[in-house]
**Q** 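Dumping the structure here so I can ask a few things about it.
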Amino acid sequence: MPVVDRHLFGPGPSNPYPEATAALGLPLLGHLDPEFLRILDETCDRLRTVFGTANARTLPLSGTGSAGMEAAFVNAVHPGDVVVVAANGLFGERMIDVADRCGAEVVPVRFPWGTPVQPEAVLAAHPSPALIAVVHAETSTGVRNDVAALGAVKGDALLLADCVTSIGGIEVAVDEWGVDIAYAGTQKCLGVAPGLAPFTIGERAWGRRVLRPRSWYLDLNLLGGYVGAAAGTSGRTYHHTAPVAMVASLHASLGRIIAEGLDVVAARHHEAGRALQDGLAELGLELFAAEGHRLPDLTTVVVPADVDSATVRRTLLQRYGIEIGGSVGEYADRVWRIGLMGHNARPDAVALVLGALREVLKR
Ligand SMILES: *Cc1c(COP(=O)(O)O)cnc(C)c1O
């Protein structure tokens, strides 16, 4: 099989941190090896740090970010619960589908793609929802939603936040913002291969949890024993075989991020995103996401009318080994998505993607 080296600027996997890649090459440990259990415990601790939470129940679920979404709803939503979902992109729409499959009475509150969620409209949608769900960083549109504003006014409702494209990239403060349940993925700003879903649930949500969710694999009642003491329960029991290599890789990446400093990492993403967005404007390109609500780690660009989106993406890939993303649905060929996540949030990566775009677009 040919091995090709790509610069992944897409919304999917970003280039992993070198520390995360190196950890994948270490000898495998058994999933009950004391050294692995130590790594798992420390991974849960490190996840608490990057989520900004003291929640005992914080762990990496086995599965990609969508498994985190599924786990959040299946463990928190009882049939008939009113669930308000704020949706301004693909991942908000996915939440609506997942909540519906859990038997919720879903109240979708939709906003035009490229614009942010408006907290007042979300609150006005229902007087007493059991749960309000929102995507912090909408990867499909490049928009940042104000989770803290929802947390401040959620009332008795639980607040569920998708932090897949924010954790390890922009500020996330689960406890300070009043988030009851949050999940993430590894392949965005955490700079690890796809495969795990960092997850956290607070006491209020735990007290209202579903005792026998439809999913056995994602049943948090059973997963307490899997992570053992780290999740506030004593003793460890076999639930499923931990993906040991992925956990080791996540552990290494989180170690690097925490050592660099969460504020420093966020500033690095902010600066890289600003430089990319300024550079795109200099090339005469229009940004898709509303000004003032743009993510630094995922930039959306309106494809110029005289340009074929697929041809440009193919040329970037073939000539420069650079992958950027198209969009989805009605925007599939009308918007590009350029990620600067984790290891890619650097000035040299910005220069590379801007230089390639300038040549390909002849600007
Ligand atoms: C990528 C992503 C997901 C889904 O994660 P997968 O790893 O693809 O399952 C969910 N929400 C957001 C905001 C994402 O960017």
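This structure is a prediction, so every number in the text was calculated from the model and none was measured. Both counts, for ligands and for their atoms, begin at 1 and track the order of listing.
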**Q** Assess whether a salt bridge exists between Arg110 and Glu93, defined as any Lys/Arg side-chain N lying under 4.0 Å from an Asp/Glu carboxylate O.
**A**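 Yes, this pair counts.
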**Q** So which residues, sorted by chain and number, lie with a heavy atom under 4.0 Å of ligand 1?
**A** Thr64, Gly65, Ser66, Phe91, Arg94, Val135, Ala137, Thr139, Asp162, Val164, Thr165, Gln187, Lys188
**Q** Kindly give the cluster partners of Leu285, where membership spreads through any ILVMFWY side chain lying under 4.5 Å from a current member.
**A** Phe9, Leu276, Leu280, Leu283, Leu287, Val301, Val303, Val307, Val312, Leu316, Tyr320, Ile322, Ile324, Trp336, Ile338, Leu340, Val350, Leu352, Val353, Leu354, Leu357, Val360, Leu361
**Q** Using the ring-ring contact (aromatic ring centres under 6.0 Å, His included) rule, collect all pairs that involve residues 242-265, keeping only residues at least two apart or in two chains.
**A** none
**Q** Does any pair with a residue in residues 238-250 pass side-chain hydrogen bond (donor to acceptor under 3.5 Å, both in side chains), and if so which ones, sequence neighbours excluded?
**A**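 Matches after skipping sequence neighbours: Ser62-His240.
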**Q** Any salt bridge linking Asp308 with Arg314? Criterion: basic side-chain nitrogen under 4.0 Å from a carboxylate oxygen.
**A**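 No, no charged N to carboxylate O under 4.0 Å.
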**Q** Salt bridge or not between Glu359 and Arg319? Use side-chain N to carboxylate O under 4.0 Å.
**A**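 Not counted as a salt bridge, because no side-chain N and carboxylate O are separated by less than 4.0 Å.
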